Amino acid sequence: MKKTKIGTLAVLFLICCTACASTTEIKESVSGSVSFVKTASDNPKESEGVVFANKLQKELSANNLKGAIALFDKMPASLKEDAELQTLLCALYYSDGQYDKAIANAEEILQKDGKNIDALELISMANHAKGDRKAYQATAQRILAVDPYNPSVNVQQGQDYAMSKKYKLARTSYAKALKGDSKNEDALFGYAQMSYYLNDVKSSKETFEKLVEQNPQSSISYAYLGKLSAEEQNYLRAESLVKKAISIEPLNYDYYMDLGNYLRSQGKYDAAATAWNKAVELDPSYFLAYAYLAGIYDERDMFDKALENYHMVIKTNPKYFYAYEETAILEYHAGNYQNAITYFNKAYEYSQSLSYKLMIAACFYKMKKPLDAKNVLAPVLKTLDRESLDYQMTRFYSDNYNRNAEVALVQRIDKEENSQKKGKMQFYMGLYYEVMGGEAGAADYYAKVASMQAPMFFEYRIAEWGMKAAQQNMGE
């Protein structure tokens, strides 16, 4: 039961009391004209109702639920059997979190009127709020037996299905709700959203357009229409639609994230960064905008800003292991080898990839700490198949240089049939030559990696940087 339900019940009661509180007399003037004059009612019950309604209105206007509930303890005896007031009390209990009292009072109403939909809905929603799934479902069935297209129950069932990612069942429930009330905004939104998830673009678009026509202030509908336009690669229209959503709800984090995506897709990188920075401003504790900013700065070789944002991703979401890998790569590129070691180690905690250990060893070699490099790799060797290429490469990094081992490793890499595996091992040969001072060998292997089609490993970037650096050094 939504708070709007309480407001509706209260308003209806207040209107009834006000209407009953006066009568209208028709009087004819001396000139013959007719005038309507309201006079106070002499009915004591009606006067008591007005007084009670005014007190109730005062508490509800102050959002004082407990104060409104307390008024019912002093309710005039003439009003105690009023069904609308009793339903309103149930709604107040529900809104105040007193679910058991809401249920008990609603059951009393049902003893007199077994088909009272408001009472049934209150019991259903109170059980749902309590987490009593069995009781909730039982009450929902009681409602549907009386009113199969009840909007409230069908919407709630749709939301439950959606939470379980049962989108087809959810959409069916929302469709039933719309049969009961074709203008129900929760049902319209649910139906449109489920259609979006089910890739029924036409139904989703039509329903969201109907919703904004009915409610021009539905910001989330504009936002979804923007998503639908973006899926058609109409990013300019998507930008316009999400900006409309923002004009209605200017503090919505998600809208600025979407805006940044649409701007980036148009090549408007600075504007995209501005949108994502606005999202950061709205919620500096959430990681996603930092991740997007880090990515766009990284793509544009603005590595200092990328690092700054990756650090914020780690701060706000320490379990986002991808950020550790990216931060380690950029720290390595910046020559901050100790920092790179720290973040490669953190990445290894989440994914035990040999690559991280080899990169840590390379960092130690660059720091002129060969013993530390060997100590990092020694325990790794024990976990590898001695006949594998991984073992051969790790052993090559760990042992003192051996020409025969080098030749055998090169031959093994050349014979590797998996292109991704071969490319990665070529990278580590190039990296070995680099850290050991063999610039020509490094440049040669980095060039092989850089020429790959669709490499699927992070070392590719380091190979590109290494190739450029080696070429510059040899050119000098």
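Remember, it's a predicted structure, so these values are computed and weren't measured experimentally.
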Practice task
For the pair Asn154 (side chain) and Asn150 (backbone), establish whether a donor and an acceptor sit closer than 3.5 Å, ignoring hydrogens and angles.
Solution key: yes

Handout entry: Heavy-atom donor-acceptor pair, Asn54 side chain to Val50 backbone, under 3.5 Å
Key = yes

Problem - Ser204 side-chain N/O to Ala192 backbone N/O, donor-acceptor pair under 3.5 Å - result: yes

Handout entry: Enclosure of Tyr460 OH (heavy-atom neighbours >12, cutoff 6.0 Å)
Key = yes

Practice task
Give a yes or no answer on whether the side chain of Ser61 reaches the backbone of Gln57 with a donor-acceptor pair at less than 3.5 Å.
Solution key: yes

Practice task
Before accepting this row, confirm whether a basic side-chain N of the pair Lys80/Glu108 lies closer than 4.0 Å to the acidic partner's carboxylate O.
Solution key: no

Problem - Side chains of Lys112 and Glu81 in contact at under 4.5 Å (non-hydrogen atoms) - result: yes

Exercise for the section: Sequence neighbours left out, what passes salt bridge (Lys or Arg N to Asp or Glu O under 4.0 Å) with Lys202? Give chain and number order. Expected result: Glu206

Exercise for the section: Give the intermediate values and the outcome of side-chain contact (heavy atoms from CB on, under 4.5 Å) for residues Thr274 and Lys278. Expected result: CA-CA 6 Å; Thr274 298; Lys278 177 62 177 180; 5.9 Å; no

Side chains of residues 218-227: which donor-acceptor partners sit under 3.5 Å, not counting sequence neighbours?
{"from": "Ser218", "atom 1": "OG", "to": "Ser221", "atom 2": "OG", "distance (Å)": "2.6"}
{"from": "Ser219", "atom 1": "OG", "to": "Glu249", "atom 2": "OE1", "distance (Å)": "2.7"}
{"from": "Ser219", "atom 1": "OG", "to": "Tyr255", "atom 2": "OH", "distance (Å)": "2.9"}
{"from": "Tyr224", "atom 1": "OH", "to": "Gln193", "atom 2": "NE2", "distance (Å)": "2.8"}
{"from": "Lys227", "atom 1": "NZ", "to": "Asp258", "atom 2": "OD1", "distance (Å)": "3.4"}
{"from": "Lys227", "atom 1": "NZ", "to": "Asp258", "atom 2": "OD2", "distance (Å)": "3.1"}

Practice task
Side-chain contact test, heavy atoms from C-beta onward, threshold under 4.5 Å: evaluate it for Asp385 versus Asp390 and give yes or no.
Solution key: no

Exercise for the section: Compare every heavy atom of Pro76 with every heavy atom of Phe52, then report the nearest pair and how far apart it is. Expected result: CD1-CD, 4.2 Å

Exercise for the section: Could you tell me the separation between the CG atom of Leu110 and the CG atom of Asp113, rounded to the nearest 0.5 Å? Expected result: 7.5 Å

Between side-chain atoms of residues 163-171 and protein atoms elsewhere (two or more places apart, or another chain), which donor-acceptor pairs fall under 3.5 Å?
{"from": "Ser164", "atom 1": "OG", "to": "Asp160", "atom 2": "O", "distance (Å)": "3.4"}
{"from": "Arg171", "atom 1": "NH1", "to": "Ser195", "atom 2": "OG", "distance (Å)": "3.0"}
{"from": "Arg171", "atom 1": "NH1", "to": "Asp200", "atom 2": "OD2", "distance (Å)": "3.0"}

For residues 283-298, tabulate all N or O donor-acceptor pairs below 3.5 Å that involve a side-chain atom, not counting sequence neighbours.
{"from": "Asp283", "atom 1": "OD1", "to": "Ser285", "atom 2": "N", "distance (Å)": "3.1"}
{"from": "Asp283", "atom 1": "OD1", "to": "Ser285", "atom 2": "OG", "distance (Å)": "2.6"}
{"from": "Tyr290", "atom 1": "OH", "to": "Pro284", "atom 2": "O", "distance (Å)": "2.9"}
{"from": "Asp298", "atom 1": "OD1", "to": "Arg461", "atom 2": "NH2", "distance (Å)": "2.4"}
{"from": "Asp298", "atom 1": "OD2", "to": "Arg461", "atom 2": "NH1", "distance (Å)": "3.1"}
{"from": "Asp298", "atom 1": "OD2", "to": "Arg461", "atom 2": "NH2", "distance (Å)": "3.4"}

Handout entry: Leu85 versus Asp82, closest heavy-atom pair with distance
Key = N-OD1, 3.0 Å

Exercise for the section: Would you mind reporting whether Arg133 and Gln137 have side-chain heavy atoms less than 4.5 Å apart? Expected result: yes

Handout entry: Atom pair OG (Ser152) and CG (Asp181), whose distance is rounded to the nearest 0.5 Å
Key = 11.0 Å

Problem - Approximate separation, where rounding is to 0.5 Å, of Tyr136 OH and Ile123 CD1 - result: 14.0 Å

Handout entry: Side chain proximity check, Lys101 to Leu92, heavy atoms < 4.5 angstrom
Key = no

Fill in the blank from the handout: Minimal heavy-atom distance between Val376 and Val380, with the atoms involved, is O-CG2, 3.5 Å

Handout entry: Distance-only donor-acceptor check, side chains Asn234 and Glu232, under 3.5 Å
Key = no

Handout entry: Min side-chain heavy-atom separation Gln111-Ile109 under 4.5 Å
Key = no

Problem - Test log, rule side-chain contact (heavy atoms from CB on, under 4.5 Å), inputs Gln156 and Gln159 - result: CA-CA 5 Å; Gln156 185 60 63; Gln159 292 170 349; 3.6 Å; yes

Problem - Asn418, CG atom: more than 12 neighbouring heavy atoms under 6.0 Å - result: yes

Exercise for the section: Answer with yes or no whether the side chains of Glu231 and Tyr196 bring together a donor and an acceptor at under 3.5 Å. Expected result: yes

Handout entry: Met312 and Lys315, any side-chain heavy atoms less than 4.5 Å apart
Key = yes

Exercise for the section: Answer yes if the side chains of His128 and Tyr99 hold a donor-acceptor pair under 3.5 Å, and no otherwise. Expected result: no

Practice task
Check whether any side-chain heavy atom of Asn336 sits under 4.5 Å from a side-chain heavy atom of Leu330, and report yes or no.
Solution key: no

Practice task
Could you tell me whether the side chain of Thr342 and the main chain of Gln338 form a donor-acceptor pair under 3.5 Å?
Solution key: yes

Handout entry: Residue pairs involving residues 262-277 (criterion salt bridge (Lys or Arg N to Asp or Glu O under 4.0 Å); sequence neighbours excluded)
Key = Glu239-Lys268, Arg264-Glu299, Asp270-Arg300

Practice task
Evaluate side-chain contact (heavy atoms from CB on, under 4.5 Å) for Tyr324 paired with Tyr310, printing each intermediate quantity in order.
Solution key: CA-CA 8 Å; Tyr324 292 111; Tyr310 277 129; over 6 Å; no

Problem - Nearest-0.5 Å distance that lies between atom CG in Asp147 and atom NZ in Lys115 - result: 11.0 Å

Exercise for the section: Determine whether more than 12 heavy atoms belonging to other residues, nucleotides or ligands lie under 6.0 Å from atom NZ of Lys357. Expected result: yes

Practice task
Would you name the heavy atoms of Leu282 and Pro250 that are closest together and state the gap between them?
Solution key: CD1-O, 4.3 Å

Exercise for the section: Side-chain contact test, heavy atoms from C-beta onward, threshold under 4.5 Å: evaluate it for Lys319 versus Phe321 and give yes or no. Expected result: no

Practice task
Measure the spacing between CD1 of Ile341 and CE of Met359 and express it to the nearest 0.5 Å.
Solution key: 10.0 Å

Handout entry: Donor-acceptor contact below 3.5 Å, side chain Gln420 vs main chain Met456
Key = yes

Practice task
Kindly say whether Ile69 contributes a backbone atom to a donor-acceptor pair with the side chain of Glu59 at under 3.5 angstrom?
Solution key: no

Handout entry: Donor-acceptor under 3.5 Å (Ser95 side chain, Ala91 main chain)
Key = no

Exercise for the section: May I ask you to say whether Glu349 pairs ionically with Lys346, meaning some side-chain N is under 4.0 Å from a carboxylate O? Expected result: yes

Problem - Short side-chain donor-acceptor distance under 3.5 Å, Tyr356 and Glu325 - result: yes

Exercise for the section: Check whether any side-chain N or O of Gln214 sits under 3.5 Å from a backbone N or O of Lys183 as a donor-acceptor pair, and report yes or no. Expected result: yes

Handout entry: side-chain contact (heavy atoms from CB on, under 4.5 Å) between Thr139 and Ile103, intermediate numbers included
Key = CA-CA 11 Å; Thr139 311; Ile103 292 170; over 6 Å; no

Problem - Neighbour count >12 (heavy atoms, 6.0 Å) for atom OH, Tyr350 - result: yes

Exercise for the section: Look up atom CG in Asn105 and atom CG in Leu89, then write down how far apart they are to the nearest 0.5 Å. Expected result: 5.0 Å

Exercise for the section: Just jot down the ring pair (Phe, Tyr, Trp, His ring centres under 6.0 Å) partners of His333, sequence neighbours excluded, or say none. Expected result: Phe303, Trp465

Problem - Heavy-atom closest pair, residues Tyr343 and His311 - result: OH-CE1, 3.0 Å

Problem - Atom of Tyr94, atom of Ala102 and distance for their closest heavy-atom approach - result: N-CB, 3.8 Å

